[in-house]
Amino acid sequence: DGSLYQVVKVTGEGYGAAVGCSGERLRDILALTLEYPGICFSAKIRAEATAHTDVFNDFPLRFVTLHPRTAGQEYRGVPDRDLYRDFAERVRCPVVYNGDVTTPGDGLAFSRLMVGRGMLADPGLFQKLRGKSPAPSQYCDFHRKLAGYALAENGGLDYLKRHWEFFLPEIPKRFRRKVLKSRGPDEFLESADAAMQ
């Protein structure tokens, strides 16, 4: 599919997650932290880069965010949390966990988190991580604001439909199908509102 092609194209050219496969390449890039000491640098890596702990320890990084899957896995399979823990013990700077945090229970094991798709699925996730219960109206308000911003741009409806592939996964399929098949902004908003009731 198109997304896999893009990943293969980027990593095949030595960019993206492929940078982490080469300690020498990592070292060249992280040397910028020494050239610009007034700037705080961080890095986001995948599993391949954890083999180069010595490189990360040679540079003044504020933190490293680790998504413990390989580039080839993309978002399939289970993140290797043992790999994360091992890397966090070996590297000098703080390590932020990233990967499949979709419920409060997923995040409780980590003191530092980066959440991506989990927030798309549940915008109230951070409130839940703090032990609070978001009101159902907050989800409607969030989605209305997001739709307002997105629909003001070309391609905004397509963006919103992609968002609904993740958003509130417990919504019944019949409502989700109407949202994804909507043909214009008004029909989309009407279907989305009905799905969140």
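The hydrophobic clustering, which links ILVMFWY residues whose side-chain heavy atoms are closer than 4.5 Å, places Val96 and Val115 apart. Two different hydrophobic clusters hold Leu120 and Leu151 under the rule that ILVMFWY side chains link at heavy-atom gaps under 4.5 Å. There is a path of hydrophobic side-chain contacts, each under 4.5 Å, that joins Val179 to Phe175.
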Between side-chain atoms of residues 154-162 and protein atoms elsewhere (two or more places apart, or another chain), which donor-acceptor pairs fall under 3.5 Å?
residue, atom, partner, partner atom, Å
Lys161, NZ, Leu180, O, 3.4
Lys161, NZ, Ser182, O, 2.5

Just list the side-chain donor-acceptor pairs under 3.5 Å for residues 26-36, sequence neighbours left out, or say none.
residue, atom, partner, partner atom, Å
Arg27, NH1, Asp58, OD2, 2.9
Arg27, NH2, Asp58, OD2, 3.2
Thr33, OG1, Leu30, O, 2.7

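The shortest side-chain heavy-atom distance between Val95 and Arg90 does not fall under the 4.5 Å cut-off. Contact annotation: the side chain of Met119 never approaches that of Val101 to less than 4.5 Å [non-hydrogen atoms, C-beta and beyond]. At a threshold of 4.5 Å between non-hydrogen side-chain atoms, the residues Phe142 and Met196 do not count as touching. Contact check for Pro104 versus Leu129: side-chain heavy atoms found under the 4.5 Å cut-off. Using a 4.5 Å heavy-atom threshold, the side chains of Tyr139 and Asp122 count as touching. Proximity of Tyr75 to Arg117: side-chain heavy atoms (C-beta onward) are separated by under 4.5 Å at one or more points. Taking the side chain as every heavy atom from C-beta outward, Pro60 and Phe41 never approach each other to under 4.5 Å.
The OG1 atom of Thr53 sits 10.5 Å away from atom CZ of Arg92, with the distance rounded to the nearest 0.5 Å.
A donor-acceptor distance shorter than 3.5 angstrom exists from the side chain of Arg176 to the backbone of Leu168, with no hydrogens or angles considered. In this structure, Asn98 contributes its side chain and Met114 its backbone to a donor-acceptor pair below 3.5 Å. The backbone N or O of Thr70 lies less than 3.5 Å from a partner atom in the side chain of Gln73, making a donor-acceptor pair.
For the residue pair Glu74 and Arg69, the shortest heavy atom distance occurs at O-CD, 3.3 Å.
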Pair Phe87-His67, ring-ring contact (aromatic ring centres under 6.0 Å, His included): steps then yes or no = CA-CA 11 Å; Phe87 181 71; His67 183 112; over 10 Å; no
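Pairs passing the ring pair (Phe, Tyr, Trp, His ring centres under 6.0 Å) check and including a residue from residues 97-137, sequence neighbours excluded, read Tyr84-Tyr97, Tyr84-Phe110, Tyr97-Phe110.
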